[in-house]
Protein chains: 2
Amino acid sequence: MTMANERLQEAIDALKSTKVRMTPQRHAILEYLYNSMSHPTADEIYKALEGKFPNMSVATVYNNLRVFKEVGIVKELTYGDASSRFDCVTTDHYHVICSECGKIVDFHYPGLNEVEALAKHVTGFQVNSHRMEVYGTCPECNGSMPH
Amino acid sequence: MTMANERLQEAIDALKSTKVRMTPQRHAILEYLYNSMSHPTADEIYKALEGKFPNMSVATVYNNLRVFKEVGIVKELTYGDASSRFDCVTTDHYHVICSECGKIVDFHYPGLNEVEALAKHVTGFQVNSHRMEVYGTCPECNGSMPH
DNA sequence: TATTACATTGTAATTCTTACAATTAATTTT
DNA sequence: AAAATTAATTGTAAGAATTACAATGTAATA
Ligand SMILES: [Mn+2]
Ligand SMILES: [Mn+2]
Ligand SMILES: [Zn+2]
Ligand SMILES: [Zn+2]
């Protein structure tokens with residue numbers, strides 16, 4: 001069994017332990033998320049599945065992504081004007097985003113606990129999370145790829 | 001002369017050195033930004049000025065905020081679903097955001113150059129910036145205020 | 001003053017997302 | 001297995017934020 005399939009199965013099991021029913025659409029959306037290993041938008045998922053589900057509504061994609069978020073098997077990455085992207089890797093990690101082509105690549109970094117602590121100290125806030133992203137250009141876009 | 005007025009004057013001078021003309025609407029938007037010292041939305045600015053400029057269009061607010069961004073005297077803070085906020089402090093700083101009431105408070109932290117360097121190293125991206133925000137609840141919202 | 005360039009206004013269009021009511025499907029009860 | 005209940009899907013309308021556009025207005029320049 002592939003890595004992706006294994007994690008997909010875990011997600012399905014997580015859903016089973018709630019009142020959330022498994023449906024063909026739901027399964028397909030999850031399957032797409034876990035196999036793509038990218039960070040697709042709702043519309044990308046919708047378009048990718050319209051061959052298999054010609055009658056599926058875009059509302060179904062949004063509905064289910066919300067359900068998945070609530071259960072905790074998907075995270076939403078929000079951006080300003082552009083549409084949200086969805087990440088089926090819910091363990092802590094950060095993203096590097098290409099300003100040219102929009103590509104998103106995961107990377108890990110030992111927590112920024114100090115930043116949270118300092119913010120708490122200087123502002124008096126009760127701090128519970130942070131968001132961090134790095135921007136730049138990917139190897140394909142800055143012409144530094146060997147060819 | 002107050003601090004805010006001093007910085008407002010600098011912004012006006014910065015505009016003078018370009019082809020950007022000073023208009024009453026422009027001046028009022030800048031004045032509001034520099035005096036409020038908050039991080040208002042386009043609509044908040046629009047509403048705050050409609051007494052003084054009953055005929056001002058919301059498009060004018062957006063147009064001018066774009067101009068100010070291009071000149072470099074204003075920064076846009078983008079969020080997922082919610083509307084953008086605008087910051088007339090363009091020097092490097094981070095924000096703590098209250099999840100309850102939306103309040104945004106500035107704080108400083110010695111640059112996260114290491115994070116950028118690591119991201120570059122592990123992803124091969126040409127890195128040029130990052131975004132970081134801390135989330136929590138403000139003293140007013142978490143009931144820890146003396147009263 | 002005439003010309004030109006830039007700015008404002010009002011409104012329509014666009015994009016992403018959610019709301020809603022009707023229909024369909026899955027689960028539970030009988 | 002049939003009936004009753006509950007949840008999910010669908011199609012479309014509505015919402016909110018932002019931008020596009022054409023007409024009008026104002027400032028700078030010749
Ligand atoms: Mn990711
Ligand atoms: Mn700020
Ligand atoms: Zn790229
Ligand atoms: Zn608060």
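Each chain gets a letter, A, B and so on, in the order its sequence line appears, and its residues count up from 1. Since we're looking at a predicted model, the values are computed, not measured. Every heavy atom of this structure was used, including side-chain atoms; hydrogens, water molecules and symmetry mates were not.
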In this structure, how many angstroms lie between the P atom of D/dT18 and the CG atom of B/L77, rounded? 12 Å
Strictly below 4.0 Å, heavy-atom distances to any atom of DNA chain C: list the hits from residues 44-73 of chain A, or just say none. A/A59, A/Y62
For the pair A/E44 (side chain) and A/T41 (backbone), establish whether a donor and an acceptor sit closer than 3.5 Å, ignoring hydrogens and angles. yes
Distance-only donor-acceptor check, side chains A/T137 and A/E100, under 3.5 Å: no
When you look at B/Y34 and B/R7, which way does the side chain to side chain contact (heavy atoms under 4.5 Å, CB included) test go after all the steps? CA-CA 7 Å; B/Y34 280 84; B/R7 296 192 52 246; 3.6 Å; yes
Are OP1 or OP2 of C/dA26 and a side-chain N or O of A/T23 less than 4.0 angstrom apart? no
Surrounding CG of B/D13 (heavy atoms of other residues, nucleotides or ligands, distance under 6.0 Å), is the total greater than 12? yes
Is B/Q25 near enough to C/dT9 that one of its side-chain N or O atoms lies under 4.0 angstrom from OP1 or OP2? yes
Is the shortest heavy-atom distance from the side chain of A/H130 to the side chain of B/Y94 under 4.5 Å? no
Side-chain N or O of B/T41 closer than 4.0 Å to phosphate OP1/OP2 of D/dA17: no
Rounded to whole Å, please give me the gap between NE2 in B/H27 and P in D/dA27. 14 Å
Whole angstrom value for the distance that separates P of D/dG15 from CG of B/D43: 16 Å
Just to confirm, is there a sub-4.0 Å distance from OP1 or OP2 of D/dA16 to any side-chain nitrogen or oxygen of B/S83? no
Under 3.5 Å donor-acceptor pair, A/R21 side-chain atoms to C/dT27 base atoms: no
Mind calculating the distance between CZ (B/F86) and P (D/dA17) to the nearest angstrom? 12 Å
Just how far, in rounded Å, is C1' of C/dT8 from CZ of B/R26? 9 Å
Take atom CD1 of B/I29 and atom P of C/dT8, then tell me their distance rounded to the nearest Å. 7 Å
Say whether, by atom type as modelled, one donor and one acceptor occur between the side chain of A/K69 and the main chain of A/V74 under 3.5 angstrom. no
Rounded to the nearest angstrom, tell me the gap between atom OH in B/Y79 and atom C1' in D/dA16. 18 Å
Just verifying a value: how many Å separate B/S99 OG and B/Y135 OH, rounded to the nearest 0.5 Å? 8.0 Å
